[in-house]
Each structure stands twice: as structure tokens, then as C-alpha cells.
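Below, chains carry the letters A, B, ... as their sequence lines are ordered, and counting in each starts from 1.
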2 protein chains.
Amino acid sequence: MTELDIAEVVRRAGVPASTLRYYEEKGLITPVGRRGLRRQYDPSVLERLALIALARTAGFPLDEIARVFAPDGTIRIDREALLAKAGELDRRIGELAVLRDSLRHVAACPAPSHMECPTFRHILAATAAADVPGRPKRAPGAAWNPSIPSSANEYAP
Amino acid sequence: MTELDIAEVVRRAGVPASTLRYYEEKGLITPVGRRGLRRQYDPSVLERLALIALARTAGFPLDEIARVFAPDGTIRIDREALLAKAGELDRRIGELAVLRDSLRHVAACPAPSHMECPTFRHILAATAAADVPGRPKRAPGAAWNPSIPSSANEYAP
DNA sequence: TCTTGACCTCAAGTCGGCTTGAAGTAGCAC
DNA sequence: GTGCTACTTCAAGCCGACTTGAGGTCAAGA
């Protein structure tokens, strides 16, 4: 009997039992059976949980992740979606890099008040400019949690 | 009279009126007066809104942003906090970069099923490993929306 | 003067991803 | 057989950042 008790999964995956039940409700995982009331899982659930964690880090919502799991237990990932997400990540990375550099500049800036620092004002202006037009509250294509004001290319490498 | 009507602020900042009222409730902005019922703003509110947008993109929660605005209208930013946030962004950027590369690999991988791709399995294993120990549900120091499992360096270039 | 329509207030709802609490049950040690 | 304890179910709550809806007010144009 190589099945894992839910307690074991909790221990090995570091995911709380409540989360496992929630994932089950959402169709992300399925226990292979019960011992008494207790859920028993196939060891492959650990791999699946890792995949879920990975996808979550990438910004996929649970609903979308659920669709990746075929009913037969295998996974089927849409390669186009992956590339699209990779592109999204590229943009997000660019934004965050700009932001990080801005923060470092402002931290080092000798201007008495930040508002007197020309670079800071420039960053603000750029942010405002990037923020105004269109204003897609949520990215139109794929779902991505933090609302991302577009454009990074202006100051991209 | 150089005051801006709320409608004008909505138009120029691209921020909905409901959000402006919400920000006011949170102490992030303050109208200089009213014309009838309508809020009137000092033009500097546009700069302030840009700053708020910038801070939000950096992952600062509104509460924290509010503390940046001194009662006299000036801003006072804690340089240490900025550097800390910059460090956070560095880590986040590293993670996302790994993820992006992984996605591209998987999309290009010729293995019939993703689970048969050794690289994919390696990534999963690393994710799982990074995910288990400690498990700070929310970053202990500063607040950052998506819960971020640490470590990226394991498979960094 | 009267209408229009954009603003106003206040309370409640939304969204995603969980967590928490009350009340119940069953495997295992004694 | 009796407890203990860790599980179970189900409903409700929480977080942050807003949005929505009902019902009210008022400046400006016809």
C-alpha cells in the first residue's frame, strides 16, 4: 500500500489540509480513496502539487490550472498559452526592473525632498503616462493578478 | 481658479471617481474644497496619484503608501524601506525569469508528455523543494501580494 | 423655472484563495 | 469499551482594492 495519508501529504508538500480540500473542491487534485474518513492520495499528488505551485507562481489562477489536468490524470499544456505567459512575464519583469532601479535611484538621491529630484519626477511622469491610456483594469488576454499598467518598452534594455 | 473638478482628475489621471473617493477615505488624497457637492482638487493631486500608482506597481499596500504622505502635503520616504523593496523586487525578478525560461523550455520540449521531460521534472522538483521549508505564507517583512516561494538561484543561469 | 445628468453618501457586493469554527466521526492505544 | 485526537463536513469569514446600487443633491443649460 503506497498510498499517502493526507497528513503525510501535508507534511511532505507543506500544504495545509484545508488547502488540499479546497484544491479538491476546485478539481485540482483527487484522493484515490479513504481510510475511514481520511483521504488517501497517490504519491503522484506531490508532483501535481508542485506543478500547481509552479503555475501559481507564474500567475495562473486555479481555474486555469485545473484545465491543464486531463480527466485521465495526465497533463496537457497548451504550448501557445505557455509562450503567451512567457511573454507576459517578460513584460512584467521589465516593469519590475525599471521600478527597482527607480527605487534605488531615489534612495540614493541627494535631493532634500524626493519631489525635487528630477529623475523621480521623470519616473512619475512616465508612470502616469503609461497608466492613463486604455486602462485595461484586467489584462484582456490572460488573467494575471496584479493589475499591470502596460508598457515597459519605453525604458527596456 | 486652478482647482480641478473631480471629473477633470478622472479624465487626466484615468482613475475612476469611485477610486478617488476610496483613496480619500484611506487618507491618500484630500480635496481642497467643494463646489456644491463636487470635490475640487489641487493640480498636485495628479502627481500624487502617479506616485500612488508607482508605489502600487512596486507592491506597496495602500496603508503603507498613506504613511508616506506627511500631513503638510510633502512626502517623506524611508530610504531603507526603498532599498528593502528593491531587494525584494530583485528576488521576484529572479524568480519570474526562471519561470519564464522554464515555460519557454516546456513549450519547445519535444517530449510527448510534459511529465516525461526531464527538465520539466527537474523544475517541478526544485519548486517543491523551494516551497516546503518554513513556508512564510506572507513575506514576514513587507507586504507583497502574491505569496512568493523563495529561491530561484538553484537553477539560475 | 425646470430639467438634466453628473456628482454625492452609505452600505453592501465582488474576486481569488484560502482559513476558521462548530459539530460530527472513526482509527488506534490502552 | 473507552478516550484521544486527527481527521471529516459545511457554512461563513477574511484580505485588499475597489465597484455597484439605491436614493439624494445641486450647478448649469434650455
NZ/NE/NH1/NH2 to OD/OE distance under 4.0 Å, Arg39(B) and Glu24(B): yes
The side-chain contact (heavy atoms from CB on, under 4.5 Å) partners of Arg67(B) (sequence neighbours excluded) come to Glu64(B)
Rounded distance (Å) that lies between atom C1' of dC15(C) and atom CD of Glu64(A): 15 Å
Testing dT19(D), dT19(C), dA17(D) for proximity to the side chain of Pro61(B), the answer is dA17(D)
How far does CG of Asp42(B) sit from OG1 of Thr2(B), to the nearest 0.5 angstrom? 6.5 Å
Could you list, one pair per line, each protein nitrogen or oxygen that sits under 3.5 Å from a nitrogen or oxygen of nucleotides 27-30 of chain C, together with the distance?
| unit_1 | atom_1 | unit_2 | atom_2 | d |
| --- | --- | --- | --- | --- |
| dG27(C) | OP1 | Gly36(A) | N | 3.4 |
| dC28(C) | OP1 | Arg35(A) | NH1 | 3.4 |

Minimum heavy-atom separation for Leu51(A) to Phe69(A), with atom names? CD2-CE2, 3.7 Å
From CD1 of Ile6(A) across to P of dT25(C) the rounded distance in Å is 19 Å
When you measure from the side chain of Arg39(A), which nucleotide among dT8(D), dT19(D), dC7(D) comes out closest? dT8(D)
Minimum-distance nucleotide to Arg34(B) side chain [options: dC18(C), dT19(D), dC8(C)]: dC8(C)
All heavy atoms of Ala17(B) vs all of Val10(B), minimum pair found to be N-CG2, 3.6 Å
Would you mind reading off the distance between Asp5(A) atom CG and dT5(D) atom P, rounded to a whole angstrom? 18 Å
For DNA chain D, what residues of residues 17-27 of chain B have any heavy atom nearer than 4.0 Å? Ser18(B), Thr19(B), Tyr22(B), Tyr23(B)
Identify the heavy atoms of Leu28(A) and Arg48(A) that sit nearest to each other, and give their distance. O-NH1, 3.0 Å
Spacing of Cys117(A) atom SG and Ile123(A) atom CD1 [to the nearest 0.5 Å]: 7.0 Å
Euclidean distance, atom CZ of residue Arg11(B) to atom P of dA6(C) [Å, nearest integer]: 15 Å
Output the distance between atom CZ (Phe60(A)) and atom CD1 (Ile65(A)), rounded to the nearest 0.5 Å. 7.5 Å
